[in-house]
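Step one of this worksheet: look at the structure below.
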Amino acid sequence: MKRGFAILLLPLLLLAAGCSKRTEHEGEKRILRTSINKILTTLDPARAADTVCQYMVASFYDTPLQYSYRKRPYELEPSMLRRMPEISENSTRFLCELRDDLYFQEAPCFPGRGREERKITSRDVVFSILRLADARVKSSGYWLIRGKIRGIEAFRKRTERAEEGDMSPYDAGCEGLRILSDTRFEILLNAPDPRFLYTMAMPYFSVLSRRAVEYWGEKFADHPAGSGPFVLTSWKKDYQIRMRRNPEYREEFFPDAEEMADRNRPLPLADEIVCSFVKQPLAGWLLFLQGNLDYYVLDGENFAAVVNERLELAPSLIRRGIVLERTPEFQTNYIGFNFTDPLLGRNAELRRAISLAFNRRKRLEYFRGRIELANGPVPPGASGHLEKPGRYGVFDLKRARAHLAAAGFPGGIDPSTGKALVLTFDQAGSDTVYRQMAELLALDLREIGILLKPEFNNRARFLQKLAQGQTQLFRLSWTGDYPDGENFFQLFYGPNAGSSNRVCFSSAEFDRRYEAIRGMPDSPERREKYRKLAQWLTEECPWIFESHPVAFLLKHAWVKNYRAHDFAFNRWKYLSVDPNERARRKQKFQPLSMKELRNE
């Protein structure tokens with residue numbers, strides 16, 4: 001453990017011990033207490049661009065489909081729909097039927113209206129999808145339907161010409177969104193897309209009321225009135241958001257609940273959720289030790305304090321009933337080569353030399369079990385994942401120097417200057433981790449004679465430099481939107497250059513193969529084609545395929561039904577707590593000495 005961290009933590013541990021004895025009386029209510037470390041910016045589904053906003057949106061709104069909480073591999077299932085959509089043979093028509101027990105929550109936008117006036121119909125679904133394409137909304141989710149739904153671009157152009165507040169473009173509708181009845185609607189696509197189903201389970205596809213949007217106007221993002229499992233009770237921005245169980249939530253049960261009685265209890269299982277904004281990791285750690293947070297994701301410093309080199313939890317925490325959950329994330333960290341840069345984009349030998357000089361083992365040592373090495377663009381669990389590294393995914397200085405000479409820079413010398421080749425390396429931050437990553441890469445490249453110039457930016461400036469092609473090397477990550485390799489391969493698709501294709505990779509060969517696979521349904525043939533495409537990418541070296549992160553979460557024994565899940569944005573409805581067990585255990589909490597916590 002770092003000595004400074006230990007000194008800082010000691011008085012906080014003593015404070016935690018004292019606070020834990022003053023157990024809050026919660027009665028029989030199941031109150032789940034959790035936290036976020038990023039500011040919650042919106043509750044508008046169309047603008048929920050980050051995971052914090054998406055989790056919150058999924059608490060108040062519902063989607064046509066959802067992921068099974070218990071099945072692996074991940075599997076879609078009906079949520080608001082009565083059954084899975086009927087899909088035409090060519091995957092261009094999706095016929096959907098809504099359940100009969102869907103109601104928007106009581107809210108000021110439905111004054112004096114009976115329950116049936118709040119019933120959700122196909123019109124609400126179509127309105128919600130169209131809103132993603134409304135140019136005035138500026139939805140970060142428009143990419144999901146851009147160019148896919150028939151006539152969606154024509155609708156968007158009408159919104160570009162419309163005044164703020166003018167809803168007439170919605171009245172004109174869209175060719176590819178057809179309302180067949182109050183409960184039946186269909187979605188028509190321009191081209192086959194078997195993966196469109198995944199879109200219907202994303203928070204962007206949350207169903208909302210036109211009446212609520214019109215009533216609240218610019219304040220809509222602060223006043224959710226959906227049909228999700230919870231109802232907002234208070235939101236003190238930058239401090240805390242509270243919600244209670246929605247008594248009108250559609251009928252759903254969790255047959256795999258840990259407690260037998262909960263298997264017959266309608267979802268959501270928790271009565272209330274209290275989510276606090278805790279910016280400082282040390283403060284969150286203290287609240288967890290007190291038992292005032294029910295689970296907690298370890299950050300770097302706390303991880304080193306309580307988890308040993310064998311990735312085992314300190315015995316003192318195990319005795320408290322605390323459980324350590326290891327969760328591989330559906331994300332790939334990479335170092336990108338900017339293909340608009342004439343030096344890197346046109347010189348595959350230089351990219352290969354740098355890839356071979358990249359020492360992945362140093363990253364494993366630095367992150368101490370919090371990453372797994374990446375062999376290609378796709379993380380484990382999806383088609384296209386590679387079990388072994390390619391020829392340029394290994395550390396080999398001899399080969400790196402040979403490729404560097406073939407690139408025209410023998411010994412790392414730039415012939416135009418007679419001096420060492422200098423490359424820039426951009427990142428979206430300047431804290432310790434970013435500086436360590438820059439230092440590690442600089443050491444790697446120094447081994448083959450290349451000098452690295454680190455650039456530390458705030459995120460806005462970093463994204464601006466990417467958009468304007470002002471980078472050479474940069475470090476970034478991509479978190480999968482759905483459990484299919486397509487979501488990672490599209491990061492190299494030529495037409496996506498400047499957006500998700502951050503390196504602006506351009507290859508007619510890749511585009512041809514990607515387009516041929518994209519319309520195929522899942523099959524062994526498709527999976528093999530993706531595997532070969534991933535191998536082909538490792539030869540081209542558009543990225544240094546760095547790592548897949550692993551999250552470590554601590555939870556108290558009174559938390560029930562927690563399961564690691566990359567796409568269950570609505571997971572809070574499955575979670576429960578045992579208030580009596582919480583009270584018993586908190587009463588027995590004793591002060592923890594540094595020796596007990598160290599886990600040596």
Side-chain angles (χ1 to χ4, degrees), residues 332-367 371-377 386-427 434-456 469-476 492 502-507 509-510 534-548:
T332 299
N333 301 325
Y334 66 91
I335 293 175
F337 296 103
N338 180 10
F339 275 69
T340 65
D341 178 76
L343 181 62
L344 292 170
R346 300 172 187 170
N347 199 328
E349 292 295 336
L350 178 57
R351 300 196 302 271
R352 289 165 180 162
I354 293 171
S355 297
L356 286 165
F358 186 76
N359 192 334
R360 289 166 174 78
R361 291 293 162 185
K362 286 184 180 178
R363 276 74 183 174
L364 281 179
E365 293 170 5
Y366 175 79
F367 284 105
I371 62 168
E372 295 176 349
L373 295 181
N375 297 323
L386 298 176
E387 295 293 339
K388 297 179 180 180
R391 289 193 298 166
Y392 306 107
V394 294
F395 178 58
D396 190 330
L397 288 178
K398 183 179 179 180
R399 289 174 57 212
R401 293 183 180 115
H403 281 283
L404 191 59
F409 303 96
I413 300 301
D414 185 344
S416 66
T417 63
K419 299 178 180 179
L421 176 65
V422 179
L423 297 174
T424 60
F425 177 48
D426 279 84
Q427 295 185 88
Y434 292 110
R435 293 186 181 279
Q436 288 283 354
M437 292 298 99
E439 183 178 334
L440 286 173
L441 186 58
L443 289 172
D444 290 342
L445 297 190
R446 193 178 301 161
E447 291 286 336
I448 57 173
I450 296 176
L451 295 182
L452 191 73
K453 181 184 177 184
E455 298 282 350
F456 302 104
Q470 297 175 348
T471 63
Q472 288 186 307
L473 296 166
F474 60 89
R475 186 172 187 265
L476 202 56
F492 307 96
R502 295 291 192 180
V503 294
C504 296
F505 181 70
S506 179
S507 165
E509 170 70 8
F510 177 87
Q535 287 180 327
W536 183 87
L537 277 172
T538 64
E539 294 288 313
E540 294 297 310
C541 297
W543 294 355
I544 295 176
F545 304 102
E546 183 203 281
S547 60
H548 309 297

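Keep in mind that this is a model prediction, so the values were computed, not measured. Along the sequence shown, residues carry numbers from 1.
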Can you find a pair of side-chain heavy atoms, one from L350 and one from L404, that are under 4.5 Å apart? yes

I need the minimum non-hydrogen distance between L344 and Q472, along with the two atoms involved. CD1-O, 3.5 Å

I want to know whether Y334 and F545 have ring centres closer than 6.0 Å. no

Student check: side-chain heavy atoms of F510 and W536 closer than 4.5 Å: yes

Rounded to the nearest 0.5 Å, the NZ atom of K398 sits from the CG atom of L356 at a distance of 13.0 Å

Flag, side chain of R401 to backbone of E447, donor-acceptor distance under 3.5 Å: yes

Between E546 and R360, does any NZ, NE, NH1 or NH2 come within less than 4.0 Å of an OD or OE carboxylate oxygen? no

Does atom NZ of K362 have more than 12 heavy-atom neighbours from other groups under 6.0 Å away? yes

Quick one: does any side-chain atom of D444 pair with a main-chain N or O of N359 as donor and acceptor, under 3.5 Å? yes

Working for side-chain contact (heavy atoms from CB on, under 4.5 Å), residues I354 and I335: CA-CA 11 Å; I354 293 171; I335 293 175; over 6 Å; no

Treating R352 as the side-chain partner and E539 as the backbone partner, does any N or O pair qualify as donor plus acceptor under 3.5 Å? yes

Which atom pair, heavy atoms only, marks the closest approach of L397 to I448? CD2-CG2, 4.0 Å

Mind listing the closest non-hydrogen atom pair of N375 and L386 along with its distance? ND2-O, 3.1 Å

Sub-4.5 Å side-chain heavy-atom contact between H403 and Y392: yes

Using a strict threshold of under 4.0 Å (side-chain N to carboxylate O), is an ion pair present between E365 and R363? no

Can you find a pair of side-chain heavy atoms, one from L476 and one from N333, that are under 4.5 Å apart? no

Please enumerate all residues that pass side-chain hydrogen bond (donor to acceptor under 3.5 Å, both in side chains) together with D396, with sequence neighbours excluded. none

side-chain contact (heavy atoms from CB on, under 4.5 Å) evaluation trace for R399 with V394: CA-CA 10 Å; R399 289 174 57 212; V394 294; 3.9 Å; yes

Spacing of CG belonging to L441 relative to CD belonging to Q427, to within rounding of 0.5 Å: 8.5 Å

Interatomic spacing from OG in S547 to CG in L373 - rounded to 0.5 Å: 7.5 Å

Just so I know, are the side chains of L423 and K453 near enough to count as touching, which here means a heavy-atom distance under 4.5 Å? no

Would you say the ring centroid of F492 lies under 6.0 angstrom from that of W543? yes

Restricting to non-hydrogen atoms, name the atom on R351 and the atom on G345 that form the minimum distance, rounded to 0.1 Å. NH1-O, 3.2 Å

Test F358 against L445 for side-chain contact (heavy atoms from CB on, under 4.5 Å), laying out the working first. CA-CA 8 Å; F358 186 76; L445 297 190; over 6 Å; no

Exercise: identify the closest heavy-atom pair between L537 and P377: CD1-CG, 4.1 Å

In plain terms, say whether D426 and R475 are close enough for a salt bridge, that is, a side-chain N and a carboxylate O under 4.0 Å apart. no

Checking R435 against F456: charged group under 6.0 Å from the ring centre and within 45 degrees of the axis? yes

Is there a donor-acceptor contact under 3.5 Å from the side chain of T417 to the main chain of K419? yes

Which is it for S355 and F337 under the side-chain contact (heavy atoms from CB on, under 4.5 Å) test, yes or no, and what are the steps along the way? CA-CA 10 Å; S355 297; F337 296 103; 4.0 Å; yes

Of all heavy-atom pairs linking C504 and T340, the shortest is CB-CG2, 3.8 Å

With a 4.5 Å heavy-atom cut-off, do M437 and Y366 have their side chains touching? yes

